[in-house]
2 protein chains.
Amino acid sequence: MKCDCDFCSLKTIFFNTINPNELENYCNAKIQRAYKAKENIIKQNDSIQEFIYLKEGLVKLYRDTPAGNQIISIGKPLDFVSLLSVFADEKYSYSVSAIKDSVVCVMNLNDVKKLILENGPFALRIITVVNKATDRILFDYLDISQKRLYSRVANVIIKFSELSQNLSFEMPISRKEMAQLVGMSIENVIRTISDLRKDNIIKVYGKDIEILDFEKLKHIRDIS
Amino acid sequence: MKCDCDFCSLKTIFFNTINPNELENYCNAKIQRAYKAKENIIKQNDSIQEFIYLKEGLVKLYRDTPAGNQIISIGKPLDFVSLLSVFADEKYSYSVSAIKDSVVCVMNLNDVKKLILENGPFALRIITVVNKATDRILFDYLDISQKRLYSRVANVIIKFSELSQNLSFEMPISRKEMAQLVGMSIENVIRTISDLRKDNIIKVYGKDIEILDFEKLKHIRDIS
DNA sequence: AATTTCTTATGATAATTGTCATTGATTGAC
DNA sequence: GTCAATCAATGACAATTATCATAAGAAATT
């Protein structure tokens, strides 16, 4: 039976860092779990026992704060779900839930740690990948924190358009979640979307969005 | 001659992960560099060749952005300076400069990578430490992004008070840098400091600050 | 099918923050 | 020591964003 890690991120990490026989072992040790949209994958304060990455679907990483939910990042296939804190902390400091129906691959965290201890190339590879992912989240956040409402909303629209690889796409998150992602109030996010529509930069039917003037939208994202 | 890593962060990482003889080798391979306040340690876009941590002094990590400098983090003794991107990128995406006179310890990055490849316990240790530090920066940022002007300024004052371990201390950074650190305009940061002074919560003589009502200051930091 | 709840939407208004202008103090360069 | 540049401070005003109120439509529940 062929190991189905072939199309997973894990394979990319393992690639050339572990011999095929061993790979088979670790690969078989992993578990897959499926989640329906809106289901919870990780809950804030859960103890960290597993190393999880997303095989299919779309997830959100978010924190429960006094000011409401704060979305830290959107996880795409091949992204790590247990990204931050995995090796740093005892407990998750954020929650993860499925935006679309999703399938995750799960490895026992101790197995991963054992691999790091025993397999140098793997260790170097995983530190690189985890570092890169965390960096991207941090620098994205630093970027938008300097931007204003319009720019932030334009940014989100472009990101999801790129994700779907289409100028016409269905926004997978609600307006409220868009607001939690850009760190602005729902009302102002909705108002911005309406304004972009009135200026014929985008077309909007509920969650269906079509970018009519990509250049102008990019311009709005980049200035201010 | 005794290796003077004894009081360095490196020692903590190496501790129990590498045998004393080898430690001596790596320790001797490292270089120390001294910087005067305001001198540049790392410049944005420099190629990443070294692994650097702070032995003495105080530094700031910051980005040069169209909207001006953005301070990402304040580095204290035993903190890593080449923290973000070290294993992830080719170039630094941020600059580091000395706030106070500082001494850094420098190891060749390839030596560190070699250690990761050859020494499992070291690899696991470094992945944990780097991860934890990056996490702290990200979550601090997520926290303040939900706070308002007053709360952010109170937060900075408390942080530097804690750093000096004294309610009366000298603010090591300028008002402008405080503004760049909290992500608000200089004028509003100054106004907030003035208001805190008028309310008898702090005493201010230029950079000398004394916290008069710590509880009230903490309260301001925590709400809103 | 009816009811409740959530989402999207918009206007009015208030709160928050930024910008511009000005001034005195401090610092750095020469 | 003098001059220029930067820093700290404050007021006036403008821009930006949040909050509250309201309402129609969609989705979930009964």
Side-chain angles (χ1 to χ4, degrees), chain A residues 36-39 60 65-71 97 99 144-157 170-199 202-209 220-221 223-224, chain B residues 36-39 60 65-71 97 99-100 144-157 170-199 202-209 220 223-224:
Chain A
K36 292 264 171 221
K38 297 191 180 179
E39 272 186 324
K60 63 173 176 179
T65 76
N69 282 350
Q70 178 181 36
I71 297 182
S97 69
I99 294 173
I144 71 154
S145 77
Q146 294 214 319
K147 302 286 187 176
R148 289 209 280 265
L149 176 59
Y150 268 67
S151 175
R152 294 187 191 190
V153 173
N155 185 42
V156 170
I157 294 173
E170 190 187 338
M171 178 66 61
I173 59 178
S174 70
R175 303 290 193 264
K176 189 176 182 181
E177 288 171 316
M178 287 182 74
Q180 290 167 349
L181 183 56
V182 304
M184 299 270 163
S185 69
I186 308 176
E187 293 94 325
N188 278 329
V189 168
I190 290 175
R191 254 186 283 268
T192 304
I193 293 171
S194 297
D195 288 348
L196 291 173
R197 176 174 48 72
K198 285 170 193 160
D199 290 342
I202 58 174
K203 233 184 202 171
V204 184
Y205 304 101
K207 296 204 166 165
D208 291 325
I209 291 181
I220 290 170
R221 177 195 61 185
I223 57 157
S224 149
Chain B
K36 292 264 170 223
K38 298 193 180 179
E39 273 187 325
K60 62 173 176 180
T65 76
N69 283 348
Q70 179 181 36
I71 297 181
S97 69
I99 294 173
K100 297 180 179 174
I144 70 154
S145 76
Q146 295 215 317
K147 301 285 186 177
R148 289 209 279 266
L149 177 59
Y150 268 66
S151 175
R152 295 188 191 190
V153 174
N155 185 42
V156 170
I157 294 173
E170 190 187 336
M171 177 66 62
I173 59 178
S174 70
R175 303 290 193 264
K176 190 176 182 180
E177 288 171 315
M178 286 182 74
Q180 290 166 350
L181 183 56
V182 304
M184 299 270 163
S185 69
I186 309 176
E187 292 94 326
N188 278 328
V189 168
I190 290 175
R191 254 185 283 267
T192 305
I193 293 171
S194 297
D195 287 348
L196 291 173
R197 176 174 47 73
K198 285 170 192 159
D199 290 342
I202 59 174
K203 234 184 201 170
V204 183
Y205 304 100
K207 296 204 167 166
D208 292 324
I209 291 181
I220 290 170
I223 57 157
S224 153

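Excluded from the calculations below are hydrogen atoms, water molecules and symmetry mates; all remaining heavy atoms, backbone and side chain alike, are included.
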Worksheet item: Do you know which two heavy atoms are closest between I220(B) and A154(B), and how far apart they sit?
Response: CG2-CB, 3.9 Å
Can you see if the side chain of [X] gets near the phosphate of [N] - specifically, an N or O under 4.0 Å from OP1 or OP2?
| X | N | result |
| --- | --- | --- |
| S194(A) | dT10(C) | yes |
| R197(A) | dT8(C) | no |
| R148(A) | dT16(D) | yes |
| N188(B) | dT17(C) | no |
| R191(A) | dT10(C) | no |

Item to complete: Name the nucleic acid region contacted by I190(B), choosing base, sugar-phosphate or nothing; use a 4.0 angstrom heavy-atom cut-off, strictly under.
Response: base
For [X] and [N], give me the distance from atom [atom1] to atom [atom2], rounded to whole Å.
| X | N | atom1 | atom2 | result |
| --- | --- | --- | --- | --- |
| R175(B) | dT27(C) | CZ | P | 12 Å |
| I186(B) | dT10(D) | CD1 | C1' | 14 Å |
| Y150(A) | dA15(D) | OH | P | 14 Å |
| L149(A) | dT16(D) | CG | P | 10 Å |
| K207(A) | dC6(C) | NZ | P | 15 Å |
| E177(B) | dT6(D) | CD | P | 14 Å |
| I220(A) | dT16(D) | CD1 | P | 13 Å |
| K176(A) | dT5(C) | NZ | C1' | 12 Å |

Worksheet item: Is there a donor-acceptor pair under 3.5 Å between the side chain of R152(A) and the backbone N or O of V182(A)?
Response: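 Between the backbone of V182(A) and the side chain of R152(A) there is a qualifying donor-acceptor contact (under 3.5 Å).
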Item to complete: May I ask you to test the Q180(A)-I173(A) pair for a side-chain heavy-atom distance under 4.5 Å?
Response: no
Item to complete: For R191(B) and N188(B), test the side chains for any donor-to-acceptor distance below 3.5 angstrom and give the result as yes or no.
Response: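 On atom types as modelled, these side chains qualify, holding a pair under 3.5 Å.
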Item to complete: State, without any angle test, whether T65(A) and Q70(A) hold a side-chain donor-acceptor pair at a distance under 3.5 Å.
Response: no
Item to complete: Can you figure out which of dA21(C), dT10(C), dT17(D) approaches the side chain of E187(B) most closely?
Response: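 Output: dA21(C).
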Practice prompt. Could you pick out which residue, I193(B) or K38(A), lies toward the 5' side of DNA chain D when each is mapped onto its nearest nucleotide?
Written response: I193(B)
